[in-house]
Amino acid sequence: MEILNAFFVSPFVDMAEYPVFFAEVVANGFLTGIMYSLVALGFVLIFKASETFNFAQGVMVLFAALTLVGLQERGVPTWLAIGITVGVMVLLAMAIEKVMLRPLVNQDPFILFMATIGLTFFLEGFGETLWGSNVKRLDVGIPERPLEVPLGGDFMLLNEFDLWAAGIGAVMVLGLALFFHRTTIGRALRAVADDHQAAMAVGISLRTIWVVVWSVSGVVALVAGIMWGAKSGVQFSLSLIALKALPVLILGGLTSVPGAIVGGLIIGIGEKIGEVYWGPLVGGAIENWFAYVLALIFLLFRPQGLFGERIIERV
Amino acid sequence: MFYREAGQFKSGYAADQAMFPIPQDRYVVIAIVAFAFLGVPLIANEYWLQAILIPFLVFSMAAIGLNLLTGYAGQLSLGTGGFMAVGGYMTYKFTTFWPELNIVACFLLSGLCAAGVGVLFGIPSLRIKGFYLAVATLAAQFFLVWTFNKVPWFYNYNPSGTVTAPPRTIFGTMFTGPEASAPARYLLALSIVVVFAFAAKNLVRGRVGRSWMAIRDMDIAAEIIGFRPFQTKLLAFAISSFYCGVAGAMSLFLWLGSVETEAYGIDISFQVLFMVIIGGLGSILGSFLGAAFITLMPILLTNAPQFFGFSMASDLQKHIELMIFGGLIIFFLIAEPHGLARLWQIAKEKLRRWPFPY
Amino acid sequence: MAGPETSPAEAILEVENVSLRFGGVQALSEVSFDVQSGEVRAIIGPNGAGKSSMLNVINGFYHPQEGSITFKGVTRRRMRTHEAAAQGIARTFQNIALFRGMTTLDNIMTGRNLKMKRNFLLQALYLGPARREEMEHREFAERVIDFLEIQAIRKTPVSRLPYGLQKRVELGRALAAEPDMLLLDEPMAGMNTEEKEDMCRFILDVNGEFGTTVVLIEHDMGVVMDISDRVVVLDYGRLLADGTPDEVRRNPLVIDAYLGTVRD
C-alpha cells in the first residue's frame, strides 16, 4: 500500500502543492528537450537523404565542441573559432562522403548504419588525439545570470543562459524547417529521399546532396555542442547525451521534422519529471534509460511514431 | 599441394551435408581442438591464459551469439553487454542461492534468463523491421546495467556493490573463485565454447539457419514462402541472448572473478559488435577470428612502441586504438563485409587450385 | 511432388467482388473470377491494370477492403502471408526475390521449411530425427534440382547466377513447397526465346505431371495464348474479360484496351 502511495499518489500531490517548483522542472525539461530536438533534426536530415541512422551524430557534437574549445584555448577569438569550426565540419562532411558514403552507395542501410558506428569510434579517437581528452570549459560569452520570472504571485527561477539556448535552438529548428521546404536544395533533398535513382536521373547530384546534408548536420551538431558544452563542459559524455536523439526519433517518426521537435520536447520534459518525482524512489539516475524505455513502450502501440507515415510495401 | 579434393567422392547426401565436407578441413579442426585441450594448458603460462586465452574464449562465445543475430538473421544489437550482465549476475544469484548446484548448470540457467530478458525487449521492436532492435537493445543495455547497479538484491546487499565468484568445484576440481587455477578455468571455458560453437554451426546449416538468412536477405519473400518473420527473428534474438548470457557468466566466473556493472558497459557491446564485423558477418569461424583480433590488438599496441624504442602515453594509445578500430570497421564494411573469415576462405580457394590459378 | 486430390472441374480458388484501395488509388474494383483445380490460368492486362495487386491479394500480402477469397473451400477474411503459404500457395516474383546470400540448394531448401518439424534444440545437436529430416528434404530438393536441370549450380551462391537461371531457381524454391497452387508473376520477363521455351516446358510439366494449378501473369501474348487454359483480362483494376484464349482474343473490349480505338 505504501509503495502504491509513493509511486502513484505522492508525486502528484507534490506537483500540486508546489506548482512553481513543478513549473521550473517543466521549463528545465523543455530546454533540454530543445537540445534533443536539435540533435534529432540532424538525424532526420541524414535519414531522409540516405535512409540510415547516423549513429555518429552524437560524436559529431563532441567533435565540433572539442574543435571549438581547442581553437579558443590556442587564443583564437570566439567568432573566428566558430567560423573555422564550421569550415572543419564541412570538410569533415566532404571526407565522409568521399571515403565512406561513396563506396557504400546502394548497400543495405544496415551496413551503412554499422559504418557510422565505425565512424563514431574513429571521430572520438581522432578528436581526442587532436585536442586531448580532459574535460574542458567552453565559454562563448552568453551570460549565465539567474532570472526571476513572475508566476501566479510567486517567482520561478530560470537561467538566462537557458533562455538564450532555447531561443537559438528554436531559430535553428525553424531555419531547418524552412530549408527543407523552401529551397531548391531542400526540394532536391526530398527527391533523393524518395528515390535515389530517379533523383539522379533528373540531374540531382547525389554527392552534392550528401555533402550538403552532412555539412548541415555538422553545423547543427556544432550548435548543440556549444549549448551543451557551455552548460556542462566538453567531454566524452556529450556524445552519449546526443544518443538520446534515437528514442526521440522513434517517438516522433523517423522522417518527420515536426516529429523530431515534438518528440524531443516530450522526452526532455518527461525525463526531467520522471527523474525529479520518481527517480528518488528507485535510486535515481533513471535519466540514463528513461527515454529509451519510453520509446520502447511507444513502439508497442504506434510503431510508425507520432508523425511517421505508414509504409506500403510492394513485391 | 595437399589441399586437394580430387579423388574424394561423396556417396550420399549425409556426407555432402557434413559440417566440414572436405576431410582436410575436418582433420585441421580436430587437431586444433585437440591441441587446445591437451597442448595449451601444458605450455601456456599464467599471463597467457589470464590475459589472452580466457578473454578470447569469453569474447568468442559472445561474438558467436551476436553473429547468430547480426550476421545470420540481419538484426543489429547494441545491448550485448547488458545481456552478458544478466548472465553474470544471475549465475551469481543462482550459485549463492543453491551452492550445491553444478556451476555449469547455473551458467545455462542464467543463459536462459538472458534469453527471457531478450524476448521481453525483442517483442516490441522485432514486429517492425528496420533499426528498432538497435534502439531496443540500447534501452536494454542502459536499463539492465542500471538495474544491477541500483537493486541491491542482485549483489546480495554487498556494501561495495561488487559481485565476486565464490569457489565452486566439479568432480573435486576447483573451477571458480580466487583459488581456482588458470588452466582449470581455461579448460572449462574452452569446453563450453567448443560445445556451443558446434551447436551454433549445426543451427546455421539447418532449417533454423536458413530461416534466419532468408529473413535477412529478403524478408517479404521469406514470409511468402511461409516463414513467420516475427517468430524467426525472436528465436534468433533469444538464442543470441542465451549465448551472450553464458559469455557474461564466463566473464565473471572464469575470467575476472569479481566485477562491478562497469564490466558490462556499452563499450563491451561495441567491442563484440566489432569482433563480428571484422571477423566476418555470418560466419562462426569469423567470430573466433574477430575475437582473437580485438583481444590481441590492444596488447600489440601496448607493446609495439616499446619494441620500436619509443614510448606512448597511455591515453594517446587508447585514442589511437579507437581510431584504428573505427577505421577498420569502415574499411571492412566497404572492402569485405564478410571479414577475416572471407579472406581465409579466398585463401583456401586459391590453395585448392595452387599452383594452377585457373 | 504430390498433386492436389480434387477433381479437375472443381474451383480451387474463387475471387468474389474484390476491391482494393491504397489511400485514394483504386487498385482493384469488384473483380470476380475463379480458378479451377489443375488448370493454367493467365491474368493479363496493360501495365498498372492491377495484375500484381491481384496476386498479392491471393497470397494474403494485401488485404482487400471488400470481397472474399475462397481457397480450397475455405473463405478467408484477413490472413497473414505465411498462412497462405501453409495452405498451399507458392509464388515467384516479378523482380527476382531470391535469398542472395545463400546457395541454390539452400534457396530451394527454404521452400521445404513448412514440411520440417524438428525444433531448434534437436537441430543444434544435429542428432537422430533432425539429421534424418534434413536428409529427407535434401533428397526432395535434389529432385526439384533434377527436374529444373540445375544440378551444376547447386552449390553456387545465387547472387553469382545469370538472370535466367535465377528465375529458374526461384521457380524451384516455389516447387519445393509442393504447392497446390502456383502463382507466377511474369515468369518470362526479360528472357530470350530459348529461355522462354525452357520455362514454358517447366510450367507445362509441373501442371501436367503433378497436376499443380498455375496462375500466371505474363506480357508475352504468344506464350499466354499457347499455354493457358483460360485467361482473365484486367484493365484499370476492373475485370474486362474472362474466357478461353480464343474468346478473349476476339473480345472487342480487349482489343480496345490493347490497341486503342478511334471514337467518333
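Just so we're on the same page: letters track the sequence lines, and every chain starts at 1.
- Within the 4.5 angstrom heavy-atom criterion, no atom of C:Leu121 approaches chain B.
- Using a 4.0 Å cut-off between charged side-chain N and carboxylate O, C:Glu134 and B:Arg210 make a salt bridge.
- Only the side chain of B:Arg216 comes within less than 4.5 Å of a heavy atom of chain C; its backbone N, CA, C and O stay farther away.
- The side-chain tip of C:Arg173 points at the ring of C:Phe99 from less than 6.0 angstrom away and within 45° of straight on.
- Of the listed residues (C:Ala174, C:Gly60, C:Gly101, C:Ala177), the greatest number of heavy-atom pairs within a distance under 4.5 Å of chain B belongs to C:Gly101.
- Only the side chain of C:Asn59 comes within contact range of chain B, with at least one heavy atom under 4.5 Å from a heavy atom of that chain.
- Residues meeting the ring pair (Phe, Tyr, Trp, His ring centres under 6.0 Å) test with B:Phe242, sequence neighbours left out: B:Phe196.
- Put simply, the side chain of B:Leu66 reaches to within 4.5 Å of the side chain of B:Ser77, judged on heavy atoms.
- Listed options C:Asn107, C:Ile89, C:Asn113, C:Leu114 were ranked by heavy-atom pairs under 4.5 angstrom with chain B; first place goes to C:Asn113.
- When heavy atoms are compared at a cutoff of 4.5 Å, B:Ala222 approaches chain C by way of both its backbone and its side chain.
- Heavy-atom pairs under 4.5 Å with chain B peak, among C:Ala130, C:Ala85, C:Ala84, at C:Ala85.
- Neither the backbone nor the side chain of C:Glu170 comes within less than 4.5 Å of any heavy atom of chain B.
- The pair C:Asp198-C:Arg168 meets the salt-bridge criterion, since a charged nitrogen lies less than 4.0 angstrom from a carboxylate oxygen.
- A perpendicular orientation is assigned to the rings of B:Phe121 and B:Phe83, their planes being inclined by more than 60° (bins at 30° and 60°).
- Less than 6.0 angstrom separates the ring centroid of C:Tyr62 from the ring centroid of C:Phe22.
- Looking at B:Leu235, only its side chain comes within 4.5 Å of chain C, counting heavy atoms on both sides.
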